[in-house]
Undergrad: 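Have a look at this one.
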Amino acid sequence: MPAPASAPPEASPAATPEALETDTAAVKESQADMGAEETGAPISPRQKSWLVRHFSLLLRRDRQAQKAGQLFSGLLALNVVFLGGAFICSMIFNKVAVTLGDVWILLAALKALSLLWLLYYSVGTTRRPHAVLYRDPHAGPIWVRGSLVLFGGCTVCLSVFRVGYDVSHIQCKSQLELIFPAIEIVFISVQTWVLWKHCKDCVQIQTNFTRCGLMLTLATNLLLWVLAVTNDSMHREIEVELGALMEKFSGNDTCHCLNATVCEVFRKGYVMLYPFSTEYCLICCAVVFVMWKNVGRRLTPNSGTHPRCEAPFHLHGVIFGPLLGLLVLVAGVCVFVLFQIEASGPTIAQQYFTLYYAFYVAVLPAMSLACLAGTAIHGLEERELDTLKNPTRSLDVVLLMGAALGQMGIAYFSIVAIVATRPHELLNRLILAYSLLLILQHIAQNLFIIEGLHRRPLPVGVLPEAKGEADEGPRRGSLLELSQGLRRVSLAYIHSYSHLNWKRRVLKEIALFLILCNITLWMMPAFGIHPEFENGLEKDFYGYQTWFTIVNFGLPLGVFYRMHSVGGLVEVYLGA
């Protein structure tokens, strides 16, 4: 009789831990996805097995429905992009069958559909009960929304200049051409307002319809970017190869400007603001993609702790980083002005190319060393990694790695062309050093930014001991004791900042130096300096059309990379 009684206790340890571990994992998984609170007390597997199985089945169905909605909306965007890309490529290779007007008609239809959905989303979907229960604190930081408004406003001004230029040539322009810029002005204005207001939303209703609308908007912005790049390419091709014919056609009476001064203002404004339209489209694509990832997402209570974008921006005694960055900025502005003045003439002297590349060869090593030093300090810090699910941070990493391919691709093509032709000339040596240093700087900066984005930010404020002393101050009766307490708090904070937090101070110095350097390197290609094409070396090696395609697809990505790096470095600075 004792043997049967002792059998169940021997079998239980073999079965119970496995079943208990399975059920506990299922409960924790469901709580993490649904944002539920932890129960704490264990429950017998036999009592909760049916409930867990039923709840897990509902959870799997919800995940399957979410994946199906993402797949369908992604396929919708893919087909729209392929259709628009086919139209644009057909316009480039066969300008007779498919004209620029046909592409404008297709894009106008896509803008109208996206505009209707944006208005419906803002007025209808988000105002329904329980529509937006959660807002992602990491999505849409202030620098992203500020860039969205800045570049959106510049793109609207670009369309206004375009309308003014077409009106000044109304005798040779069709009235239909004036409709497309007007549609673009309305579309950009509404889109900027909606994305500014709702970029943090995690929509819980009409999820499939919202995903499809977001993907349609993303595809429209992507096609606008592709068209802007190809139009810029064709404009520069005409300007370079057919520049000698411009004077001949300028005297044509069938298409002359009504006011030469006004036309020159419109033309200069259009050329100056043209790069901002490409950047605006890329920013909108990034913001819309984050909103698409957040559709149906339920945040846990601790998912929004310590958002970097909410921390105040203070210098905190940082000196050397801003000073060195300002020196780079001033030198970059001088090089930019000199190169622009020289580029306004018929040819560019070789010494200006030498000056341009020498500036880069001096700045890029300093930036690379700063990035490597910052990465080493990140390794020395005793700070935990932020492993919480964050679509915004994941997108930041993907954009940094993807946008870096633009300038890196141009650099690799330049290296091959120089090594295979004339590597011993001074200018070619500078271009070779510039290309190698540019690749190294992109890699080092990506490592530094990605490492900083995955670190948990430290809380902003004074030390707990100092804060406690400050709280005790008002309870003291003497003003002398209060002043002594405040003095101890100040001394404790200064001592902590100057000695204990040297790593944070060095990281802030490095981040500010890199921010100003990236602003300088963003300014040059964004406002028209393209020595990669104008020096003629790679163009002679690869051929005009091939090299022009490489440059015009790589440079916009490089401009976007510098701007996106500034935003990432601001977050690294705030989190240090």
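Both backbone and side-chain heavy atoms feed into the values below; hydrogens, waters and symmetry mates do not.
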Undergrad: Between T210 and Y121, what is the shortest heavy-atom contact and its length?
TA: CG2-CE1, 3.9 Å
Undergrad: Do T217 and Q191 have a side chain donor and acceptor closer than 3.5 Å?
TA: no
Undergrad: What is the distance from atom CG of L216 to atom CG of N221, rounded to the nearest 0.5 Å?
TA: 10.0 Å
Undergrad: Report yes if the side chains of M215 and L218 come closer than 4.5 Å at any heavy-atom pair, otherwise no.
TA: yes
Undergrad: Are the side chains of N208 and C212 in touch, meaning some heavy atoms are under 4.5 Å apart?
TA: no
Undergrad: Going through the checks in order, is the side chain to side chain contact (heavy atoms under 4.5 Å, CB included) test met by L447 and C371?
TA: CA-CA 8 Å; L447 289 175; C371 293; over 6 Å; no
Undergrad: Between S565 and I449, is a side chain to side chain contact (heavy atoms under 4.5 Å, CB included) present by the stated rule, with each step listed?
TA: CA-CA 8 Å; S565 297; I449 295 177; 4.1 Å; yes
Undergrad: Hey, could you give me the SG/CG distance between C284 and L222, rounded to the nearest 0.5 Å?
TA: 11.5 Å
Undergrad: Kindly indicate whether the side chain of Y280, heavy atoms from C-beta on, has any atom under 4.5 Å from the side chain of C154.
TA: no
Undergrad: Before you tell me yes or no, could you show the steps for V287 and V144 under side chain to side chain contact (heavy atoms under 4.5 Å, CB included), namely the whole-Å CA-CA distance, both residues' side-chain angles and the distance that decides it to 0.1 Å?
TA: CA-CA 8 Å; V287 174; V144 171; 3.6 Å; yes
Undergrad: Specify whether W292 and F289 have parallel, tilted or perpendicular ring planes, treating 30° as the upper limit for parallel and 60° as the lower limit for perpendicular.
TA: tilted
Undergrad: When you measure from the side chain of T520 to the backbone N and O of L516, does any donor-acceptor pair fall under 3.5 Å?
TA: yes
Undergrad: Once rounded to the nearest 0.5 Å, what's the spacing between atom CG of L569 and atom CD1 of I510?
TA: 10.5 Å
Undergrad: If you look at every heavy atom in K508 and Y573, which pair is closest and at what distance?
TA: NZ-O, 3.0 Å
Undergrad: Do the non-hydrogen side-chain atoms of S73 and L214 ever get within less than 4.5 Å of each other?
TA: no
Undergrad: Taking all heavy atoms of A131 and all of T126, pick out the closest pair and write down the distance.
TA: CB-O, 4.0 Å
Undergrad: Parallel, tilted or perpendicular: which describes the rings of W104 and F180, with under 30° parallel and over 60° perpendicular?
TA: tilted
Undergrad: Using a 3.5 Å distance criterion without hydrogens, assess whether the side chain of D102 forms a donor-acceptor pair with backbone atoms of T99.
TA: yes
Undergrad: Going from CG on L148 to CD1 on I142, what distance comes out if it is rounded to the nearest 0.5 angstrom?
TA: 11.0 Å
Undergrad: Could you walk me through whether L224 and F187 pass side chain to side chain contact (heavy atoms under 4.5 Å, CB included), step by step?
TA: CA-CA 12 Å; L224 288 174; F187 171 73; 4.0 Å; yes
Undergrad: Once rounded to the nearest 0.5 Å, what's the spacing between atom NZ of K197 and atom CG of L195?
TA: 12.5 Å
Undergrad: Using the side chain to side chain contact (heavy atoms under 4.5 Å, CB included) definition, which of the options R135, R128, H130 pairs with V132?
TA: R135
Undergrad: With a 4.5 Å heavy-atom cut-off, do F448 and I377 have their side chains touching?
TA: no
Undergrad: Taking all heavy atoms of L507 and all of G374, pick out the closest pair and write down the distance.
TA: CD2-O, 3.8 Å
Undergrad: Anything under 30° is parallel, anything over 60° is perpendicular, the rest tilted; go ahead and classify Y561 against H442.
TA: parallel
Undergrad: Can you see which heavy atom on L223 is nearest to which on V80, and at what distance?
TA: CD1-O, 3.7 Å
Undergrad: Taking S122 for its side chain and L118 for its backbone only, find out whether a donor-acceptor pair lies under 3.5 Å.
TA: no
Undergrad: When rounded to the nearest 0.5 angstrom, what distance separates NZ in K111 from CD1 in I185?
TA: 10.0 Å
Undergrad: Considering non-hydrogen atoms only, spot the tightest contact between G84 and L106 and give its length.
TA: CA-CD2, 3.8 Å
Undergrad: Does some side-chain heavy atom of I283 sit less than 4.5 Å from a side-chain heavy atom of F560?
TA: yes
Undergrad: State, with a plain yes or no, whether a side-chain heavy atom of C202 is found less than 4.5 Å away from one of M291.
TA: no
Undergrad: Within a strict 4.5 Å, meaning less than it, do heavy atoms of the M367 and N518 side chains meet?
TA: yes
